[in-house]
Visitor: 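Pasting a structure here, questions to come.
All values reported here derive from a predicted model rather than from experimental measurement. Residue numbers begin at 1 in each chain, while the letters A, B, ... track the order of the sequences.
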Amino acid sequence: MTDAPKPPTSGNTPTVAPNFITEIIERDLQSGKYQTIVTRFPPEPSGYAHLGHVFASFLDFQTANQYGGRYHLRMDDTNPELATQEYVDAIADDLKWLGWDWGEHFYYASDNFEQYYEYAEQLVRQGDAYVDSVSPDEMARLRGDSKTPGTPSEYRGRNMEENLDLLRRMKAGEFPDGAHVLRAKIDLSSPNMKLRDPVLYRILHGQHYRQGDRWCIYPMYDFQHPLQDALEGVTHSMCSLEFVDNRAIYDWLMERLNFDPRPHQYEFGRRGLEYTITSKRKLRRLIEEGKVTGWDDPRMPTLRAQRRLGVTPEAVKAFAAQIGVNRTNRTVDLAVYENAVRDDLNHRAPRVMAVLEPVKVTLSGLDEAKTLSLPYWPHDVVRDSPGGLVRLPTGERVDPAKAVRGVPLSSEIYIEREDFSAEPPKGYKRLTPGGTVRLRGAGIIRADSFETDDAGKVTHIHATLLGENAKAGGVIHWVSAAEAVPAEFRLYDRLFLVPNPEGEQADFLPDDEEAQGENGKAPADASYLRYLNPGSLRVLRGYVEPSVLRDPQDTRYQFERQGYFWRDPVESREDALVFGRIITLKDTWAKSTEASAGGPPSQGFPRKGRESTESTTAQAPLPTDPATAHRAPRTAAPLTPAQEAHLARLTSLGAAEADARIIARDEVLLKFVESAVQDGTFAQVASWTVNDLVAGLRAGSVQVQAADLAPLARELTGGRLTTRVARDALARAAASGEAPLAMIEREGLNAGLSDADLQEAIRDVLDANPNELSAYRAGKTALLGFFTGQVMRDTGGKAEPKKVAAVLKSALEG
RNA sequence: AGGGAUAUGGUGUAAUGGCAGCACAACGGUUUUUGGAACCGUUUGUCUAGGUUCGAAUCCUGGUAUCCCUGCCA
């Protein structure tokens, strides 16, 4: 037996946290079921990759990475009407951008149409598939529904030769679209609708982007996907939760076609992102209606757009690694993504200054224009830099003293409009009439006077440079008017105003709309459009310091106090700079002013969900929802007369009422206790049946005989056995079929435990856990359970728990 | 309705019968020539009612809630 490779515990590459799938993988590797694991990410090339795909591809690829396996990229391009080369290229390109390298393992389902077809013929020859010739409507009708089992179509009984002949003629193109389909012959009455003879092939005359018109029958997902996994040698095939029901077909196919070793399907919960939609159709509509400029509009959730926005692949992967894996569909807080993006940029983006909404300031007290040498990095980044070196915009790593740029200063400068206030709010730390503020890197100024236009808008400020011999509460950024470079700034914000744009937002509707809306419900499909954020793009014209002209085009900056920006890779020109904001800085000042103002901020941002729910619940504590108030919880269905008879019989034998009730309504349990000994031990056996054996009984995995339980129960009630020992033995006996008491006697587990042995065990446990001991003595009494558990384990369950607790307590206190 | 899946702070997760932990968010403080970052601290949680057990987030039963399935899409 070899040790399964363990995931790396440290390092810079983001890892998949342990989850139920990695557990399965470790088990499979350990048991030798597979030598190496193989995973695949299988997009349909019918749209661009988006943030929703990031999670799935990260899970597929990184899991394989961590366990020393390999991963494939595969195009599930079986639908000729949807798949295109453009999407294939875009998806592969975006995934490469993320840093994935599948080497030669890039597959197209459509390359294997021939092999799929041969398997289809095999199924027909085995009698496992047939050609059906009813119309789609008829097939839907015959399939039945949840209450009604399906009925066979008149063609289900066609013999093998006829089926084979028809299938070949379908392939040869003898029939028009929809004339026939190939169906698996599984189970028309299955409660799992997927199993009611799923369609395997359909006739579709058209052009496939890779196969042209070579084929006129195309395989369905449920046929193609498992086959392709098996053909590629995939071991662990992960997909999202909505395919749970499809797994039955997957397993059926693997079994009928005798794949060994074979892949297995595991399903995980999807992850949505707040304020984001990922539906292809809905995203396309945003483009068509001109709400955004295209698939790469920086506000879009596509990877192309996030790339253009300036988010780095490292940030995207760090985000993916933050998200946990389980079997529930969940929505991730947007802050998790934003945090990943900021965290990545903080150590990547040199600091420079740009004024987005300029106001001119004329400075007195400055003798002559000069050029200041200002550092690219703040003290903390310098302090934390590896090797003591920091990066220049060119990427070169240099001594922090050399990581500077020249910043001209003259008597005409621009500052941010928001950084001067004639009537400052409480707590304002910027420039005010007569007040002082520090110009970043240039000294302290005092505002002497200002001019306004007719509307009262400040147009010009006159200030005095006081140098260092003054005090100032705040720091603001600036650029020198003569040398500053004009630029356009695009400030992006979330596209939607509400966390879940695809759901109903009854409490969000403006009053007038709510009045006319039907019960506050928005029309189901287009409703997301009304939650569009009208402020998702703001365009400003301002100035950036001239040093940026010397930097590489793809430099990402932090414009101090403004956020992270870079040149829009599509529209920025050397002589017409366009900077897009990748993400804002956190802004606790804006948040506090917003909160005290009591209304939405100037940009019309939504409040976060938490604040709104808090306020509503705080003001209206527990408003009983009329919809639920009337609905008393339903109780269990009443017993049938036959079950009542069972119940009476079981209780007369001594079973507890609750146990008897559970057994009475369950055929499997009834059958089991039928063979139990009907004496004083019956109550205990019934209890074990209900509490310990039920899951195994239903799964059919319980080997032990009910009659063999009586001696065990007798020993237990006689006090010659602890509950722990009895239950452990019961569990093992259930699996092995051995009589549990015989097992206990063979292993000497009924030997009992002397007081001296118990004392020693407790001493050992206390010695082995000094930290817990002192924590207990310091008042953390919750650790009593921990110590009890340790003692029970040490003694193999032979200790009497009540005694353990008593003795342990005095030992702990002493 | 029938079948399936799921339920742990505001959000995402960990604890595999024995200390309810971590991250993000929020809040407070320290520090800071960015109202950034960093550092320290605080608040908040096992859907519900029973059962088994010395001990239950975990096992059992009922209930509730959410999602998925009834395409010749994937």
Visitor: Does B:U61 have its OP1 or OP2 closer than 4.0 Å to a side-chain nitrogen or oxygen of A:Arg698?
Guide: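 Yes, within the criterion.
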Visitor: Nearest whole angstrom, please: distance from the P of B:U33 to the CD1 of A:Ile445.
Guide: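 Checked: the CD1 to P distance equals 18 Å.
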Visitor: Check whether the side chain of A:Arg793 and the base of B:G18 form a donor-acceptor pair under 3.5 Å.
Guide: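 A donor-acceptor contact between them is absent.
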Visitor: What nucleotide, of B:G35, B:G55, B:G2, holds the atom closest to the side chain of A:Arg724?
Guide: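 Within the option list, the nearest is B:G55.
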Visitor: Ignoring hydrogens and angles, are the base of B:U11 and the side chain of A:Glu274 linked by a donor-acceptor pair under 3.5 Å?
Guide: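 No, the side chain and the base share no sub-3.5 Å donor-acceptor pair.
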Visitor: With hydrogens left out and only the distance checked, is there a donor-acceptor pair under 3.5 Å joining A:Arg196's side chain and the base of B:G3?
Guide: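 Between B:G3 and A:Arg196, which were checked side chain against base, a qualifying N/O pair under 3.5 Å is absent.
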Visitor: Which listed nucleotide (B:G36, B:A38, B:A1) is nearest to the side chain of A:Lys586?
Guide: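 Nearest listed nucleotide: B:G36.
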Visitor: Begin from the C-alpha positions of A:His225 and A:Asp76 and carry the test side-chain contact (heavy atoms from CB on, under 4.5 Å) through to its verdict.
Guide: CA-CA 8 Å; A:His225 198 95; A:Asp76 265 356; 2.8 Å; yes
Visitor: Only one of A:Gln265, A:Gln224, A:Arg74 forms a side-chain hydrogen bond (donor to acceptor under 3.5 Å, both in side chains) with A:Asp229, so which one is it?
Guide: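 Of the listed options, the one satisfying the test is A:Arg74.
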Visitor: Without decimals, in angstroms, what is the distance between A:Leu273 CG and B:U11 C1'?
Guide: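 It works out to 11 Å between those atoms.
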Visitor: How far does the P atom of B:U70 sit from the matching atom of B:U13, given to the nearest Å?
Guide: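 Pairwise P distance, B:U70 against B:U13, rounds to 26 Å.
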Visitor: Just to confirm, is there a sub-4.0 Å distance from OP1 or OP2 of B:U66 to any side-chain nitrogen or oxygen of A:Arg327?
Guide: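 No, no such contact exists.
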Visitor: Is the distance from OP1 or OP2 of B:G35 to the nearest side-chain N or O of A:Arg561 less than 4.0 Å?
Guide: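 Answer yes for this pair, as a side-chain N or O of A:Arg561 is under 4.0 Å from OP1 or OP2.
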Visitor: A:Ser153 and side chain to side chain contact (heavy atoms under 4.5 Å, CB included): which single residue from A:Leu142, A:Leu188, A:Asp197 fits?
Guide: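 When A:Leu142, A:Leu188, A:Asp197 are each tested with A:Ser153, the side chain to side chain contact (heavy atoms under 4.5 Å, CB included) holds only for A:Leu142.
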Visitor: Give, for atom CD1 of A:Ile762 and atom CD of A:Gln790, the distance between the pair rounded to the nearest 0.5 Å.
Guide: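 Interatomic distance, A:Ile762 CD1 to A:Gln790 CD, rounded to 0.5 Å: 12.5 Å.
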Visitor: Quick check: any donor-acceptor pair below 3.5 Å linking the side-chain of A:Arg438 to the base of B:U33?
Guide: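 Pair found.
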Visitor: Could you pick out which residue, A:Asp587 or A:Val336, lies toward the 5' side of RNA chain B when each is mapped onto its nearest nucleotide?
Guide: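 The residue closer to the strand's 5' end, by nearest nucleotide, is A:Val336.
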Visitor: If the P atom of B:A57 is compared with that of B:A25, how far apart are they to the nearest Å?
Guide: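 It works out to 30 Å between them.
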Visitor: Side chain of A:Pro378 only, please: which of B:A1, B:C54, B:G36 is the nearest?
Guide: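 For A:Pro378, the side-chain atoms sit closest to B:G36.
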Visitor: Using nucleotides 72-74 of chain B, report all nitrogen or oxygen pairs with the protein that are shorter than 3.5 Å.
Guide:
residue : atom : partner  : partner atom : Å
B:C72   : OP1  : A:Arg143 : NH2          : 3.4
B:C72   : N4   : A:Val134 : O            : 3.1
B:C72   : N4   : A:Gly178 : O            : 3.3
B:C73   : OP2  : A:Arg202 : NE           : 2.6
B:C73   : OP2  : A:Arg202 : NH2          : 3.3
B:C73   : O2'  : A:Asn79  : ND2          : 2.9
B:A74   : OP1  : A:Thr78  : OG1          : 2.9
B:A74   : OP1  : A:Arg202 : NH1          : 3.4
B:A74   : OP1  : A:Arg202 : NH2          : 3.3
B:A74   : OP2  : A:Tyr221 : N            : 3.0

Visitor: Output yes when at least one side-chain N/O atom of A:Arg661 is less than 4.0 Å from OP1 or OP2 of B:U61, else no.
Guide: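 Checking A:Arg661 against B:U61: no side-chain N or O falls below 4.0 Å of OP1 or OP2.
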Visitor: Using a 90° cut-off around 0 for syn, call B:G71 syn or anti.
Guide: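 Syn conformation for B:G71.
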Visitor: Please check if any side-chain donor atom of A:His477 sits under 3.5 Å from a side-chain acceptor atom of A:Arg351, or the reverse.
Guide: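 A:Arg351 and A:His477 do not have a side-chain donor-acceptor pair below 3.5 Å.
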Visitor: Grab the NZ-C1' distance between A:Lys803 and B:G55 for me, whole Å please.
Guide: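 After rounding, the reported distance stands at 19 Å.
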Visitor: Any ion pair linking A:Arg724 and A:Asp728 (charged N to carboxylate O, less than 4.0 Å)?
Guide: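 Result for this pair is yes, salt bridge flagged.
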Visitor: Could you tell me which residues satisfy side chain to side chain donor-acceptor pair (under 3.5 Å) with A:Asn326, sequence neighbours excluded, listed by chain and number?
Guide: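 Partners of A:Asn326 under the side chain to side chain donor-acceptor pair (under 3.5 Å) test: A:Arg271.
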Visitor: Which of the following nucleotides, B:A5, B:A1, B:C24, is nearest to the side chain of A:Val244?
Guide: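 In terms of side-chain proximity for A:Val244, the closest of B:A5, B:A1, B:C24 is B:A5.
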Visitor: Mind listing the closest non-hydrogen atom pair of A:Leu647 and A:Ala664 along with its distance?
Guide: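 Closest approach of A:Leu647 to A:Ala664: N-CB, 4.0 Å.
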Visitor: Looking only at side-chain atoms of A:Asp245, point me to the closest of B:C69, B:G2, B:U34.
Guide: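 Ranking B:C69, B:G2, B:U34 by closest atom to the A:Asp245 side chain puts B:C69 first.
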Visitor: Check the side chains of A:Ser189 and A:Asp187 for a donor-acceptor pair under 3.5 angstrom, ignoring hydrogens and angles.
Guide: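 Indeed, the side chains of A:Asp187 and A:Ser189 share at least one donor-acceptor pair under 3.5 Å.
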Visitor: Could you pull out the closest heavy-atom pair between A:Leu721 and A:Leu716, with the gap in Å?
Guide: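 Taking A:Leu721 first and A:Leu716 second, the nearest heavy atoms are O-CD1, 3.5 Å.
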Visitor: Quick one: do A:Arg438 and A:Glu468 make a salt bridge, cutoff under 4.0 Å?
Guide: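 Salt bridge between A:Arg438 and A:Glu468, a charged N being under 4.0 Å from a carboxylate O: yes.
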Visitor: Write down the distance between CD1 (A:Ile583) and C1' (B:C24), rounded to a whole number of angstrom.
Guide: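 Value for this atom pair: 13 Å.
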Visitor: Determine the Euclidean distance between corresponding P atoms of B:A49 and B:U58; express it in Å to zero decimal places.
Guide: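 Each nucleotide's P atom is 13 Å from the other's.
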Visitor: Side chain of A:Asp380, base of B:G36: donor and acceptor closer than 3.5 Å?
Guide: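 Between B:G36 and A:Asp380, which were checked side chain against base, a qualifying N/O pair under 3.5 Å is present.
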Visitor: Could you state the atom-to-atom distance from CG of A:Asp728 to P of B:G17 in whole Å?
Guide: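 Taking atom P of B:G17 as the reference, CG of A:Asp728 is at 11 Å.
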Visitor: In dot-bracket, 5' to 3', how would RNA chain B read with Watson-Crick or G-U wobble pairs under 3.5 Å, [ ] for crossing ones and | for pairs to another strand?
Guide: .((((((..((((....[..)))).(((((.......)))))....(((((..]....))))))))))).....
Visitor: Please give the distance between the P atoms of B:C22 and B:A15 as a whole number of Å.
Guide: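 Here B:C22 and B:A15 have their P atoms 15 Å from each other.
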Visitor: Quick one: are the ring centres of A:Tyr155 and A:Tyr130 less than 6.0 Å apart?
Guide: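 For A:Tyr155 and A:Tyr130, the ring centres are not under 6.0 Å apart.
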Visitor: Just the rounded figure in Å: distance from P of B:U34 to CG of A:Leu439.
Guide: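 Value for this atom pair: 14 Å.
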Visitor: When you compare B:A7 with B:A14, how far apart are their P atoms, in angstrom units rounded to a whole number?
Guide: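 Result for the P pair: 10 Å, nearest Å.
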Visitor: Would you say a side-chain N or O of A:Lys429 is under 4.0 Å from OP1 or OP2 of B:U34?
Guide: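 For B:U34, neither OP1 nor OP2 has a side-chain N or O of A:Lys429 closer than 4.0 Å.
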Visitor: What is the distance, rounded to the nearest whole Å, between atom CG of A:Asp666 and atom P of B:G62?
Guide: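 Roughly 9 Å, once rounded to whole Å.
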Visitor: If you compare every side-chain N and O of A:Asn346 against the phosphate oxygens of B:G36 (OP1, OP2), does one of them come in below 4.0 Å?
Guide: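 Answer no for this pair, as no side-chain N or O of A:Asn346 is under 4.0 Å from OP1 or OP2.
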Visitor: Hey, does the side chain of A:Thr331 come within less than 4.0 Å of B:G12's phosphate (OP1/OP2), counting only N and O?
Guide: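 For B:G12, OP1/OP2 do not have a side-chain N/O of A:Thr331 under 4.0 Å.
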Visitor: If you check the A:Ile662 side chain, which of B:U61, B:G10, B:G2 turns out closest?
Guide: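 Of B:U61, B:G10, B:G2, B:U61 is nearest to the side chain of A:Ile662.
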Visitor: Calculate the interatomic distance between A:Asn691 atom CG and B:A56 atom C1'; express it in whole Å.
Guide: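 Atom-to-atom, A:Asn691 to B:A56, this comes out as 12 Å.
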Visitor: When you measure from the side-chain N and O atoms of A:Arg440 to the phosphate of B:U33, is any distance below 4.0 Å, counting only OP1 and OP2?
Guide: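 For B:U33, neither OP1 nor OP2 has a side-chain N or O of A:Arg440 closer than 4.0 Å.
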Visitor: When you measure only distances, ignoring hydrogens and angles, does the side chain of A:Thr328 come within 3.5 Å of the base of B:A7 through a donor and an acceptor?
Guide: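 No such pair is found, so the answer is no.
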Visitor: I want to confirm an ordering. Mapping A:Met792 and A:Arg271 to their closest nucleotides on RNA chain B, which one lands closer to the 5' end?
Guide: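 First, find each residue's nearest nucleotide; the 5'-ward one identifies A:Arg271.
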Visitor: Considering only B:C60, B:A1, B:U33, which nucleotide approaches the side chain of A:Lys147 most closely?
Guide: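 Closest nucleotide among those given: B:A1.
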Visitor: Between the base of B:C19 and the side chain of A:Glu772, is one N or O donor paired with an acceptor at under 3.5 angstrom?
Guide: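 In this structure, the two groups form a donor-acceptor pair.
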Visitor: For A:Asp794 versus A:Val765, what's the shortest heavy-atom pair and its separation?
Guide: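 Answer, listing the atom of A:Asp794 first, then A:Val765: OD2-CG2, 3.8 Å.
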